[in-house]
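Everything quoted here is computed from the prediction, not taken from an experiment. Read the numbers this way: they start at 1 and go in the same order the structure lists the ligands and their atoms. We're numbering straight along the sequence, starting at 1.
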Amino acid sequence: MTIAPPPLAPPLGLLAELTHRCPLACPYCSNPLDLERRSAELDTATWLRVFDEAAALGVLQLHLSGGEPASRPDLVALVGGAAKAGLYTNLITSGIGLDRARLDGLAAAGLDHVQLSVQHVREDEADRIAGYRGAHAKKRAFARELAAAGLPLTINAVIHRANIDAVEALVAEAVTLGARRIEVAHAQYYGWGLKNRAALMPTAAQAAAARASVERLREELRGAIVIDYVAADHFGRFPKPCMSGWGRRSLNVNPAGRVLPCHAAETIPGLSFWNVQDRSLKEIWEQSPAFNAFRGTDWMREPCASCARKDIDFGGCRCQALALTGDAANTDPVCVYSPARARVAAAVEEAQGGAADLAYRRYQPAPAA
Ligand code: SF4
Ligand code: FES
C-alpha cells in the first residue's frame, strides 16, 4: 500500500517586493545585483489581485517591501486593498519618503505595523553605510511621526563588521525611538551582501560578543522591548532553516511579478519562475517547478538525506549551498557534517584580510555620503 503524501499547507506569509527603486544604497541589500526597472513593475490592479489571491490561499501576513515601498505612489491604495482582503500588513521601509500626511493615509487605509531599518547610532556612520547623507536624521524624525500616527514600530538592524560593535547602542536607540521590538540580524551573504562579503563579515570574536550582548539585554530590558536575533551562521555548527523550509511557509513576489521561494532563488541555475501575470498565486504555489524543486526532503542528498535534523533545518540554505559549493542541492556548507565545511572557514578567513571597499547598491544617483 502506498501512503499518500500529506496535503500541501498554505503559505503563511507573502513578501511583496513592490519596487527595487530605493533612495538608500545599503551594501548588504538582499535584492539581486540586476535590479528590476520601474517600467517592469506590476501595476496597482495586478498587485491588488495578488493580495486577494493570497488571502484566499491562506496567507495571513503581507510584508510590503522593496527597494523602498514608499517609492510607489500607489502605496496607500495597495495597503487599503490588502487590509480589505483581510491581510495583516507590515511595511518594511527606510523611512525616507513618508511624510506625516502619507503616514496618516497609510494608518487610515489599515496599515498594521512598520519595520524601520537603522544602520548605526552615529549619524556619520549610519549615513556612510546607507550611502545617503542625512538618512539617519530622517529616520529619527520618521520614528517620531510614526509614534504620533499611532503605528507600532519594529527596528531592523542588520549588523556586520562596520556596526557590530554598536549592538548595545542600537538596542538603546530602538527603545528611544519607541520601538516595541528590534530585530538584530547578521548580514546574509546573498545579492549585494555576497558581493560585499569581504567587507561585511565580522570576526568570530565580534559575533560572539554581539550574541552575548543580545542575551544580556534581553534580560535587562524584559518588558521594555523584545529583541529578536538572527545569528551569524558562518560561526555556528548548523545552518539556519532558511525560509523555514523551501516552499513551505512563504513566497516572494518580485517587482515584475515573478514568484520566488526566497530572495536569492533567481541565482540558482535551471529554475524557472512563474509570473502572477500569467497564472494564479494558488497554481504557482502548488505547481511551480521552482517551488517543488527543493520542497520537502525527497530532493536531499547525503549527509542530509539520513540526518535526524533534516526536518529541523531542512538542509540549510539552497542559495548559500550554491554560492559556496556551486550546487544548490548540496548540504549548506555551514553544517559541520558538510564535506564542504572548509569553504565557510575559507570565506571567513578571506574576509579577515583587511578593509575591503563597499560596493553600494545604487538604483539611481543619490546624495553622496
Ligand atoms: Fe541539517 Fe543537513 Fe547538516 Fe543534517 S546534514 S544538520 S539536515 S544541513
Ligand atoms: Fe534562498 Fe536561503 S536565500 S534558500
Peer 1: Could you identify the single nearest non-hydrogen protein atom to atom 4 (S) of ligand 2 and state the distance to 0.1 Å?
Peer 2: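 Protein heavy atom at minimum distance: Arg318 N, 3.4 Å.
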Peer 1: Test side-chain contact (heavy atoms from CB on, under 4.5 Å) on Arg161 and Gln206 and set out the steps.
Peer 2: CA-CA 8 Å; Arg161 197 192 304 163; Gln206 283 177 313; 4.0 Å; yes
Peer 1: Verify the distance test for Cys319 against atom 1 (Fe) of ligand 2: any N/O/S atom under 2.8 Å, yes or no.
Peer 2: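 Checking atom 1 (Fe) of ligand 2 against Cys319, an N, O or S atom does fall under 2.8 Å.
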Peer 1: Taking only Lys NZ, Arg NE, NH1 and NH2, and the carboxylate oxygens of Asp or Glu, determine whether Glu36 and Arg21 approach each other closer than 4.0 Å.
Peer 2: no
Peer 1: Taking the side chain as C-beta and beyond, is there a heavy-atom pair between Ile92 and Leu116 under 4.5 Å?
Peer 2: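 No - every pair of side-chain heavy atoms lies 4.5 Å or more apart.
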Peer 1: Counting only protein N/O/S, how many atoms fall short of 2.8 Å from atom 1 (Fe) of ligand 1?
Peer 2: 2
Peer 1: Numbering the atoms of ligand 2 from 1, which are under 4.0 Å from a heavy atom of Cys317?
Peer 2: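 Near Cys317, meaning under 4.0 Å from one of its heavy atoms, ligand 2 has 2 (Fe), 3 (S), 4 (S).
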Peer 1: For the pair Asp327 and Arg301, find out whether any cationic side-chain nitrogen is under 4.0 Å from an anionic carboxylate oxygen.
Peer 2: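 Result for this pair is yes, salt bridge flagged.
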Peer 1: Can an N, O or S atom be found in Cys242 less than 2.8 Å away from atom 1 (Fe) of ligand 2?
Peer 2: no
Peer 1: Does the pair Glu219/Arg222 count as a salt bridge with the N-to-O cut at 4.0 Å?
Peer 2: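 Salt bridge between Glu219 and Arg222, a charged N being under 4.0 Å from a carboxylate O: yes.
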Peer 1: Would you call Arg128-Glu125 a salt bridge at under 4.0 Å N-O?
Peer 2: yes
Peer 1: For Gln320 and Ala328, indicate whether the former's side chain and the latter's backbone hold a donor-acceptor pair under 3.5 Å.
Peer 2: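 The answer is no, because no donor-acceptor pair under 3.5 Å joins these two groups.
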Peer 1: Would you call Lys240 and Asp313 a salt bridge, taking side-chain N to carboxylate O under 4.0 Å as the test?
Peer 2: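 Salt bridge flag = no for Asp313 with Lys240.
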